[in-house]
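Down below is the structure, laid out as structure tokens.
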Amino acid sequence: MASVVCVFALFENGQAGPRWQDTGVEYNHLAARARLLADALNAQRLEADGHREQLGWYDQLDPETAVADAEAEAARLERHLDEQRNALEVAKADVKRLRLLTWARLYLPAYIASESVRNSGTAYRKAVAALAGTAARVTAVEAERSRAVTAVAEKRDEVDRHQQFDKTAVVARLGELDADIASATLEYEAFEAKAMILDGKLAPVVSSLLKATHERDDLQDKIDLARGYVAGLDDARDGAARYRIHQAAERDLGNGKPGRFITQNRGNLDRLERDVKKLEHRVRDIVRQDELQTDVRKLVVDGSNLCHAGPEMIGLFALRALRPHLVEGRNVQVIFDATITRVLGKDEQTLQSDLPDVEVHVADSRTNADKLILRLVDEPGAYVLSNDKYRDYPEMKDVVEAKRINVEIIGNRAIVDDLGIDLTFTRVR
């Protein structure tokens, strides 16, 4: 079984995000968000680098000398080309002259031919080689001259761009980008730290999940294979065929009786299936808890529900202890049934003073507080804090399942696992 490792990093190419290496599934819900932040940050860095490159080009280019230098080089190459063309004409004349001498050598007796005629063959070959070399140099210089002429035109265009370049605007934009990059880098690093913490929470659970999944799938494959062997035994024509099937079952299953293998392992497969579902549920719980840490912007608290610890009425003790933890970065509304004023002997104003920093509302006697609570959380970022399952509202089942955060009050302890709250309170007025 391969080890399961989750890695999370911002790479130079902007690819980032946690991924379990032996599976294509991203269990860390922060991965996609991390990639968006990384992509945006790298896009800003690329733009900033482009502006810096432009500024470097602008400062290095001297428009007064750039074109003049290019023109001077083009003029030098033009002169050099004229020289090479003249040399080419001289080389052509030498070849022509020596060709005539070689003809004379063929028709004049050796004793009356001059030394130049006698050596004309060697001289002719050297002249032809010199002509080829001069022609090659002419071609090379022509190419250089052509490039130099093009460079002059390019330098003139570059000088025009230099004159139109708004350095002030580019410097200002670069300053904005540098500030944005600094801010985005801090945001990304903070986000990356949160993702790494979530990875640490997920790692042991996901490792167990993958192990159980692999074991379940492997056992399911073997049971399917055993069923095939059972069918083969039923269809076997003779004892020899059945013997071969038993041998194959022993080899592949470790049990030569496939029917017995199925019976012995059916319970194991059910157990592994339950383990996989439990671990999947645990992964979802960990991810949900992490999501809620940042996604909950509004909490609608079922105040009357939190005044009870099971059947026992405990009043505001738990609510008062939970309040400072619930209001951290959140808007909190506490909704009470109309009966609360009679049960606690406190009017709405007194309840508000007992629960500062939150909005307290006592439902009208004609208003169903539970229905009101569910309506108040039907918006993005809003959740209800209650251990009530709201079974009287099946039409709002989706809202209840997605938006309800459970709170457990046991003795003098209040636990809101989804928000990472676990505290002990006293029952002293």
Side-chain angles (χ1 to χ4, degrees), residues 11-15 39 42-171 173-174 177-178:
F11 301 105
E12 291 298 326
N13 61 4
Q15 297 300 315
D39 289 345
N42 280 318
Q44 289 175 324
R45 287 172 174 168
L46 286 173
E47 184 181 350
D49 289 344
H51 288 315
R52 288 191 180 90
E53 185 177 349
Q54 286 182 317
L55 290 172
W57 160 80
Y58 181 84
D59 292 337
Q60 291 175 5
L61 182 67
D62 182 357
E64 295 182 358
T65 62
V67 174
D69 290 344
E71 289 176 339
E73 177 63 10
R76 183 189 70 78
L77 287 170
E78 187 67 40
R79 292 191 300 272
H80 186 40
L81 180 59
D82 289 340
E83 293 171 357
Q84 292 301 316
R85 283 173 174 169
N86 290 334
L88 180 63
E89 294 303 319
V90 171
K92 287 178 180 179
D94 285 345
V95 169
K96 183 177 180 180
R97 176 178 57 79
L98 289 170
R99 185 184 298 118
L100 293 174
L101 288 178
T102 58
W103 290 343
R105 186 184 61 178
L106 295 176
Y107 298 105
L108 291 176
Y111 63 89
I112 65 170
S114 64
E115 183 178 358
S116 60
V117 171
R118 289 195 301 271
N119 298 330
S120 61
T122 300
Y124 175 72
R125 288 190 294 274
K126 291 181 178 179
V128 169
L131 174 62
T134 304
R137 286 193 294 276
V138 168
T139 300
V141 175
E142 284 177 340
E144 286 187 68
R145 192 273 311 267
S146 179
R147 288 192 292 269
V149 170
T150 301
V152 170
E154 291 174 348
K155 281 298 178 183
R156 287 172 179 163
D157 290 341
E158 191 175 8
V159 168
D160 289 341
R161 293 198 308 273
H162 191 275
Q163 292 173 344
Q164 297 171 12
F165 185 78
D166 190 345
K167 182 178 180 179
T168 301
V170 173
V171 169
R173 175 56 182 159
L174 185 57
L177 281 170
D178 286 339

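On a predicted model such as this, the values are computed, not experimentally measured, just so you know. Quick note: numbers below take in every heavy atom, side chains included, and nothing from hydrogens, waters or symmetry partners.
- Put simply, the side chain of Glu73 does not reach to within 4.5 Å of the side chain of Arg147, judged on heavy atoms.
- Ring planes of His162 and Tyr58: parallel class, angle under 30° (limits at 30 and 60°).
- Partners of Lys126 by salt bridge (charged side-chain N to carboxylate O under 4.0 Å, His left out), not counting sequence neighbours: none found.
- In this structure, Arg161 CZ and Arg156 CZ are separated by 14.5 Å, a value rounded to the nearest 0.5 Å.
- Across all their heavy atoms, Leu55 and Phe165 have their closest contact at CD2-CE2, 4.1 Å.
- In this structure, CZ in Arg79 is found 8.5 Å from CD in Glu83, a value given to the nearest 0.5 Å.
- Within the structure, the salt bridge (charged side-chain N to carboxylate O under 4.0 Å, His left out) test picks out the following pairs touching residues 52-61 (sequence neighbours left out): Asp49-Arg52, Arg52-Asp178, Asp59-Lys167.
- Counted by atom type alone, Arg137 and Thr134 present one or more donor-acceptor pairs between their side chains at under 3.5 Å.
- The two atoms that bring Leu131 and Ala91 nearest to each other are CD1-CB, 3.7 Å, heavy atoms only.
- When the side-chain contact (heavy atoms from CB on, under 4.5 Å) test is applied to Ala66, the partners found at least two apart in sequence or on another chain are Leu61, Lys155, Val159.
- Within the 4.5 Å cutoff, the side chain of Gln84 has no heavy atoms near those of the Glu142 side chain.
- Contact record, Ala74 with Ala148: CA-CB, 3.8 Å, taken as the closest heavy-atom pair.
- With rounding to the nearest 0.5 Å, the separation of CG in Leu177 from NE2 in His51 is 5.5 Å.
- Between Asp82 atom CG and Leu77 atom CG the span is 11.0 Å, to the nearest 0.5 Å.
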